[in-house]
S.K.: 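Okay, handing you the structure first.
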Amino acid sequence: MTSPKAPAISPRVGSGTDRSTVRFGFKNTYARLPERFYARLNPAPVTNPRLVKVNVELACGLGLDPDALASAQGVEILAGNRVAEGAEPLAAAYAGHQFGHFVPQLGDGRANLLGEVMGLDGVRYDIQLKGSGPTPFSRGGDGRAALGPVLREYIVSEAMAALGVPTTRALAAVTTGERVLRETVLPGAVLTRVAASHLRVGTFQYFAAQGDTEGTRQLADYAIARHYPEAAQTKRPYRFLLDSVIARQAQLIAQWLLLGFIHGVMNTDNTSISGETIDYGPCAFMEAYDPDKVFSSIDRQGRYAYGNQPRAAHWNLIRLAEALLPVLVDEEGSEEAALVSANEALAGFVPQFEAAHRAGLRRKVGFLSEREGDETLVQDLLDRMATNHADFTLTFRRLCDAVDGPMGDEGARALFTKPEAFDLWAAGWRLRMAKESVSARERAADMRMANPAFIPRNHIVEAALLAAVERQDFQPFEELLDVVSRPYEDRTGLQRYATPARPEEFVSQTFCGT
Ligand code: AMP
Ligand code: MG
């Protein structure tokens, strides 16, 4: 494959020096990589940009002035109508397996990386506009994003961050004043996304598929420098890189499962090298526990069902190992040794995932140590939840109220179609808890940090998006965002947000809306 021809940059740098001037202090390490890694181009301007939201807390953490971002000039930048000082906008090249089928060239078809900023935490972050117009990678798409999916990504990624899950984040959302044509005509929007980087498994596949070993090596070196600098001190830096990505993905997928999160599109181009959750499409949190749960309208075979996510991640990591083979061969001295090395690394995924998942489940039910029989006990609860359609999030949250004794059981047991199913399990749970000497109060407090009260429930997300899209009413979006930004705190008056959908509110499918 040849990389697409890149239009020359012609940044329209802002001339104002007033207080509202946005100073990103962009670094552009990705733009220093060889030209075949991306296409340089500016975002395509939109008709009538209007600010929906600036993420004040995130902006401050990145050393950015939220007021400047919200100023007229800031909004122009966030909409792609003006190129910020120091930005070197580009659309990154990548490939990917989509639902198991390899596509040698995907790339940023509707996104522009503006540059990188250093967070106050010392981490380098990408600032990317998503929905910023067509690029050489658009493959016939319009390069735009609709308001609904932009707000969904905003809400869910911010919820994930607050839940403690590695994720890309939302710095801002603007509407474009333009309409995008999907199944229906929808208002357009641009999301400003912040990521530890936008390197994907698919980025490695892009070079590997072209037999471009030098490109693969440069990309691997970049990934190491940016995410796993310890690798550079080792004898086998590329093996270290592979091990590190595997470890991060194992932790990430365990966290997803522990929160009932279903990504929906775990293609290799949506699998990040930094280990962040990325590319929120038809994602959802499940309500009634069901290991086979699928929400995405495009996932007809349940490839990315809730309980299949560890397998899907492992499959994606095998694709990463394949892409890294040429550089592993150089490192190991022979193809045979490289294969052994890659397989050793890959063998680490399942045990790491299982250990993280088991430990997380123990914490969710309040066990402070690991004892024989724990796994069977926890599995028994999950089985009973599945049979009784118990709400995943609420069952665990209400379990915190039951630590003190059976008088606190009513909330949890009421979630089971046959409440006795909970009673039988709770008896065994109490016997197990009695083996650890810790006060009920302490145990419950720890459990409340592992079991959120609030997740973005699908029917509430849908209602918030509908209000914004159909009535330009952003109040439900703002409220929901506030609720999911403090997921572990009990707050009064928010019962509606913690309650599963009534049958008539039920959301059975989600759409990616691309
Ligand atoms: P996604 O499903 O959002 O992860 O996107 C998969 C691929 O399709 C990526 O290469 C995107 O850049 C591209 N894509 C998605 N939506 C659009 C769009 N509206 N216009 C152009 N490219 C798109
Ligand atoms: Mg994607």
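Ligands are counted one by one from 1 in listed order, and the atoms in each one are counted from 1 as well. The first residue of the sequence shown is numbered 1, and numbering continues consecutively from there. Please read these numbers as outputs of a predicted model, since none were measured by experiment.
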S.K.: Would you call the rings of H97 and F102 parallel, tilted or perpendicular, where under 30° means parallel and over 60° means perpendicular?
M.R.: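 Rings of H97 and F102: tilted, as their planes differ by 30° to 60°.
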
S.K.: Taking the ring of F99 and the ring of Y304, is the distance between their centroids below 6.0 Å?
M.R.: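 When the ring centroids of Y304 and F99 are compared, they turn out to be within the sub-6.0 Å range.
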
S.K.: Has N267 got an N/O/S atom less than 2.8 Å from the Mg ion (ligand 2)?
M.R.: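 Under 2.8 Å: N267 has no N, O or S contact with the Mg ion (ligand 2).
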
S.K.: Within the distance-only criterion (no hydrogens, no angle test), does the side chain of E178 pair as donor or acceptor with the backbone N or O of T47 below 3.5 angstrom?
M.R.: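 Yes, because the side chain of E178 sits within donor-acceptor range (under 3.5 Å) of the backbone of T47.
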
S.K.: Would you call D212 and R36 a salt bridge, using N to O less than 4.0 angstrom?
M.R.: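 Counted as a salt bridge, because a side-chain N and a carboxylate O are separated by less than 4.0 Å.
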
S.K.: How long is the span from the CD atom in Q352 to the NE2 atom in H357, to the nearest 0.5 Å?
M.R.: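 Answer rounded to 0.5 Å: 15.5 Å.
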
S.K.: State the atom name: nearest N, O or S atom of D279 to the Mg ion (ligand 2).
M.R.: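 Considering only N, O and S atoms, D279 comes nearest to the Mg ion (ligand 2) through OD2.
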
S.K.: Taking non-hydrogen atoms within less than 4.0 Å of ligand 1, which protein residues qualify?
M.R.: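 Shell around ligand 1 (4.0 Å, heavy atoms): Y94, Q98, L106, G107, D108, G109, R110, S138, R139, G141, D142, G143, R144, R182, D269, N270, D279, T514.
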
S.K.: Could you tell me whether R193 and D279 make a salt bridge, using a distance below 4.0 angstrom between a side-chain N and a carboxylate O?
M.R.: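 Looking at D279 together with R193, the answer is yes, because their closest N to O distance falls below 4.0 Å.
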
S.K.: Should the ring pair F207 and F37 be called parallel, tilted or perpendicular, given that the plane angle runs from 0 to 90° and is split at 30 and 60?
M.R.: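 Correct class here is tilted.
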
